[in-house]
Protein chains: 2
Amino acid sequence: MADAEYVNIWMRPERPARGPKPAYSRAQITEAAVRIADAEGLEAATMRRIAAEIGAGAMSLYRYVPSRDNLIELMADRLMGEIDVTGLPSGDWRADLTRYAGELRAMWLRHPWIAAVQRSLPSFGPNQLLLIERLMGVLDPFVPIDENLSLVGLLNSYVEGTVREEISSAREFRLSGLTESEWMARSYPYIDQLVKSGQYPIFTKIVTEARQPHLSRDEQFRYGLRRVLDCIATAVPSTPAGDPRPGTR
Amino acid sequence: MADAEYVNIWMRPERPARGPKPAYSRAQITEAAVRIADAEGLEAATMRRIAAEIGAGAMSLYRYVPSRDNLIELMADRLMGEIDVTGLPSGDWRADLTRYAGELRAMWLRHPWIAAVQRSLPSFGPNQLLLIERLMGVLDPFVPIDENLSLVGLLNSYVEGTVREEISSAREFRLSGLTESEWMARSYPYIDQLVKSGQYPIFTKIVTEARQPHLSRDEQFRYGLRRVLDCIATAVPSTPAGDPRPGTR
DNA sequence: CTCCACTGGGTACGTTGTACGCGGTTATGT
DNA sequence: ACATAACCGCGTACAACGTACCCAGTGGAG
């Protein structure tokens with residue numbers, strides 16, 4: 001009942017006032033959970049497994065965290081902290097957003113399980129909040145806040161969308177225990193059957209021509225990112241708002 | 001062991017040659033599962049629940065589907081079938097993509113649980129395949145296949161990204177059993193505390209100014225979509241490839 | 001020194017996906 | 001026509017999950 005009072009994990013104090021010193025901490029638990037999720041996926045980070053990782057009993061975790069879902073919120077915010085936003089905004093919005101996009105992508109690739117966490121309402125943990133401040137600060141001088149949200153949303157969508165695709169191939173191999181070529185050999189009959197049927201000319205083109213990309217994933221990402229930034233540029237006046245804007249529309 | 005031979009759900013025949021007539025079908029099972037997921041979320045669509053829905057025993061489902069994960073693949077492809085692609089490509093790529101984007105978004109909103117399905121390697125079910133053919137056919141005459149993939153990927157990212165955000169708010173309410181205003185009242189103290197601290201000016205701006213949007217979600221979507229299409233337009237020559245292109249680059 | 005709010009953690013419960021095996025049914029080979 | 005084997009639906013059973021509840025022990029506040 002006292003528990004139900006805190007809807008928000010971020011408002012619940014980590015430790016009550018009195019009593020013996022706790023043996024563990026939220027940060028330590030979160031760290032262990034992230035370590036396990038990195039190595040074996042989010043579903044491997046069970047309460048028992050996390051507890052074992054830090055040498056605790058399973059039920060001890062509930063002294064620090066109300067539920068597994070809340071722990072996952074903590075993990076997600078911990079990840080946001082990996083995105084370095086020092087020096088943002090720098091004044092050059094394009095450079096800032098390029099850096100941010102690169103770091104976001106790198107973070108996702110380091111922690112692919114982030115794709116599996118269902119964000120319910122945006123969970124405003126400390127790292128998330130700092131990120132919002134710095135990131136939205138980049139375009140804040142140029143566009144109204146709704147437009148800013150919309151543009152940053154577009155950028156985030158692009159990064160998340162592309163990296164999701166990138167992740168999912170790797171994920172399948174990881175948990176099926178197959179290498180990529182083994183998987184290819186296994187699923188070849190199906191693809192081949194589709195191609196041979198002649199009913200799917202464009203699908204065939206994709207499989208036969210685009211399967212061996214002449215660009216690395218990194219280059220593909222940067223190429224697409226430039227396009228997105230160009231798109232954003234059309235909505236960003238070159239001088240901060242408040243100045244009498246030239247007819248740049 | 002015979003089971004392991006089919007890596008792909010789409011290659012495994014629904015029914016073997018001999019034996020008594022099955023009482024159910026994949027389609028029927030998938031339909032029931034979708035119905036439950038629509039009403040109560042994907043996690044409510046357990047094997048027992050689905051079986052009960054069609055009046056079967058839990059283990060009977062495994063005569064039709066090798067695992068729950070595979071059933072979810074079936075469900076996902078079933079959803080792709082809701083996207084109407086008749087008459088695509090029509091010749092007007094902008095109209096085609098606008099229509100597609102609208103239908104994709106509507107489908108997601110009808111079946112929000114789609115956000116929770118982890119696509120591993122793209123699962124090429126029949127509906128997915130048809131969609132690929134028609135959708136990629138829209139830009140196929142204009143751009144090379146890699147570029148096509150990239151542009152369609154951008155569009156998909158935009159739709160998925162925005163609709164994910166839209167979904168997640170509603171989801172929280174659904175499963176916490178709170179109305180939006182109740183939730184607001186509950187989480188207000190935290191938001192308020194952040195605002196009052198004065199440390200997060202931009203976050204404050206978002207919460208106080210942008211929380212009451214002057215545009216409906218639909219209008220926001222269409223507005224952002226136009227921007228994305230403009231962005232795509234810069235990469236699409238106005239005449240089909242093969243023609244000597246004017247210096248539009 | 002006493003008290004009690006707190007600690008870590010063992011036990012137990014309900015729910016999940018699914019392996020296994022049963023007795024009944026039916027298309028097929030003869 | 002009939003034996004056979006392949007299939008059916010499904011009851012039972014099990015391991016793993018999140019977590020409610022309880023308990024003995026601990027250490028700071030009075």
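Lettering follows sequence order; numbering is per chain, from 1.
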How close or far is atom [atom2] of [N] from atom [atom1] of [X], stated in whole angstroms?
X: A:Met47; N: C:dT15; atom1: CE; atom2: P; answer: 20 Å
X: B:Ile72; N: C:dG17; atom1: CD1; atom2: C1'; answer: 11 Å
X: A:Arg68; N: D:dC17; atom1: CZ; atom2: C1'; answer: 9 Å
X: A:Ile50; N: D:dC17; atom1: CD1; atom2: C1'; answer: 12 Å
X: A:Arg49; N: D:dA15; atom1: CZ; atom2: C1'; answer: 17 Å
X: A:Arg26; N: C:dG8; atom1: CZ; atom2: P; answer: 13 Å
X: B:Tyr62; N: C:dA19; atom1: OH; atom2: P; answer: 7 Å

Next on the checklist: Return the CG to CG distance between A:Leu151 and A:Asn156, rounded to the nearest 0.5 Å.
Outcome noted: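 Rounded to the nearest 0.5 Å, the CG-CG separation comes out at 11.5 Å.
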Item to check | Residues that A:Thr204 engages under side-chain contact (heavy atoms from CB on, under 4.5 Å), provided they are two or more places apart | outcome: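 A:Thr204: side-chain contact (heavy atoms from CB on, under 4.5 Å) contacts with A:Val195, A:Thr208.
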Protein-nucleotides 9-13 of chain D N/O pairs closer than 3.5 Å?
unit_1 : atom_1 : unit_2  : atom_2 : d
D:dG9  : OP1    : B:Ala23 : N      : 2.9
D:dG9  : OP1    : B:Tyr64 : OH     : 2.1
D:dG9  : N7     : B:Arg63 : NE     : 3.1
D:dG9  : O6     : B:Arg63 : NH2    : 2.6
D:dC10 : OP2    : B:Tyr24 : OH     : 3.4
D:dC10 : OP2    : B:Gly57 : N      : 2.8
D:dC10 : OP2    : B:Ser60 : OG     : 3.2

What residues form a side-chain hydrogen bond (donor to acceptor under 3.5 Å, both in side chains) with [X], not counting sequence neighbours?
X: B:Arg105; answer: B:Glu166, B:Asp218
X: B:Trp10; answer: B:Ser123
X: A:Glu31; answer: A:Arg78

Checklist entry - Applying side chain to side chain donor-acceptor pair (under 3.5 Å), which residue pairs with at least one partner in residues 191-203 of chain A are found, sequence neighbours left out? => result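 Residue pairs passing side chain to side chain donor-acceptor pair (under 3.5 Å), neighbours aside: A:Tyr188-A:Asp192, A:Asp192-A:Lys196.
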